[in-house]
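These notes are about the structure you will find just below.
Just so it is clear, the model here is predicted, and its values are computed rather than measured.
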Amino acid sequence: MTETIYDAVIVGGGPSGATAADDLARAGHSVLLMERGGRIKPCGGAVPPRLMEDFEIPQSLLVARARSARMIAPSNRAVDMPVGEIGYVGMVDREEFDEWLRERAVKSGAERLQATFERIERDEEEGTIVRFRRERGGEIEQVRARLVIGADGARSAVAKQSIPGAEKIPCVFAYHEIIQSPEHANDAYDPTRCDVFYQGKLSPDFYAWVFPHGKTASIGVGSANKGFSLRGAVTTMRNELDLAKCETVRREGAPIPLKPLKRWDNGRDVIVAGDAAGIVAPASGEGIYYAMIGGRYVAEAAQAFLATGEVKALRQARKHFMKEHGKVFWVLGIMQYFWYSSDKRRERFVTMCADKDVQQLTWQAYMNKRLVRSKPMAHVRIFLKDCAHLLGLKAAA
């Protein structure tokens, strides 16, 4: 392999890396997709219909379709938000979903290698050196690439070695338990509903969730508070929701970034994508769609770079992403800062979720992945209501 110079070596085989690999391979580039294997990221698994359409994902990969979301306040008041006729929230199992994406990239022409990335080096020869190990304790091997794409997660080794400031990216830590779903639906668990808990006892700065996955369910929580027990919070949820007796299939934990890096490339021969670039939505923690669209933008920038040799082409990936999704991230960031700071504010936030304007625009924004501009007066009403709740002028019901 040392004699081969790949157009791109992609480190990380999650949704972002696999999407970039597939797009580049389809365009005729030589691609090596390097992934560790055996790791499944903790994730609620929610995907919007737009993802299915934009990335040609078969409906067979959906393990469930949620038709509503339930927001639960600190007081245990629950507000249901039905999706209505505009779509559904698709649910995927990351173990199957990610593997399907990797295999699609291989069918498109990418090579796949199960190995652990070690480091990037350079010499006077052509191509950047990517060093790796196929197994723990094994020999260090190497390949060469015209471009290295780091899609290796929130604590990206590629980013830390190549992108200034990457090690300072803010994260929450997510933990979930995949359990066998209850045999029968009840008020505490509905296989067609996503439950989101805004309660300080379950997360002092983020939220907890119960998401249906067909035969299984994801019960999880996120927090940036290092002293907070995520496992303890999940145990509390399972006990209170009468899910403690359900068989535990697996447990997973990982950091999740909530702020895009200011720069995605090193101005030479490395660019990052997905969690490595920090593109997980604040407040919601949604990452699959943004990882995949980010991977696509990186692939487009990579093609321009490989065709021209102009390193400035790599900057277009972040510019494109922020132009399309930067405003959404900004709004969600403000939401998280204000509404997740105390149980008093969480209570008011859940009260706001009962508003029909809020529900309609929330679902439209989720389905379309952009702020909805078709009803400006609805935005004005929401803004005024938001201010009233935030200032305490409107008491929580």
Next on the checklist: Is it true that H213 and S218 share a donor-acceptor pair across their side chains at a distance under 3.5 Å?
Outcome noted: no
Next on the checklist: Is there a continuous path of hydrophobic side-chain contacts, each under 4.5 Å between heavy atoms, that joins I178 to V196?
Outcome noted: no
Item to check | Set of residues satisfying side chain to side chain donor-acceptor pair (under 3.5 Å) with respect to S156, sequence neighbours excluded | outcome: D152
Checklist entry - Is it true that atom CZ of R36 has more than 12 heavy atoms of other residues, nucleotides or ligands lying nearer than 6.0 Å? => result no
Next on the checklist: Below 30° counts as parallel, above 60° as perpendicular, anything between as tilted: where do the rings of Y198 and Y340 land?
Outcome noted: tilted
Checklist entry - Just by distance, with hydrogens left out, do S108 and D22 show a side-chain donor and acceptor under 3.5 Å apart? => result yes
Could you list the donor-acceptor pairs under 3.5 angstrom formed between side-chain atoms of residues 11-21 and any protein atom two or more places apart in sequence or on another chain?
unit_1 : atom_1 : unit_2 : atom_2 : d
S16    : OG     : G274   : N      : 3.2
S16    : OG     : A291   : O      : 3.0
T19    : OG1    : P15    : O      : 2.6

Checklist entry - Between F321 and F329, how do the two ring planes meet: parallel, tilted or perpendicular, split at 30° and 60°? => result perpendicular
Checklist entry - Is the backbone of M34 close enough, under 3.5 Å, to the side chain of Q114 for a donor and an acceptor to pair up by distance? => result no
Item to check | Remaining members of the apolar cluster that contains L202, side-chain heavy atoms under 4.5 Å | outcome: I72, F173, Y175, I179, Y189, F197, V210, I219, V221, F228, L230, V234, M237, L241, L243
Next on the checklist: Does either side chain, that of E111 or that of Y6, offer a donor lying less than 3.5 Å from an acceptor on the other one?
Outcome noted: yes
Checklist entry - Quick one: does R70's side chain have a donor or acceptor within less than 3.5 Å of a partner on D195's backbone? => result no
Next on the checklist: Please check this pair: side chain of Q142 against backbone of R131, looking for a donor-acceptor N/O pair closer than 3.5 Å.
Outcome noted: no
Checklist entry - How about N239: does its CG atom have over 12 heavy atoms from other parts shown lying under 6.0 Å from it? => result yes
Next on the checklist: If you count heavy atoms of other groups shown closer than 6.0 angstrom to CD of Q59, is the number above 12?
Outcome noted: yes
Next on the checklist: For the residue pair R77 / T351, report whether a side-chain donor-acceptor contact shorter than 3.5 Å exists.
Outcome noted: yes
Next on the checklist: If you apply the rule side-chain contact (heavy atoms from CB on, under 4.5 Å), what do you find for R268 with S162, and how did you get there?
Outcome noted: CA-CA 10 Å; R268 182 175 180 179; S162 307; over 6 Å; no
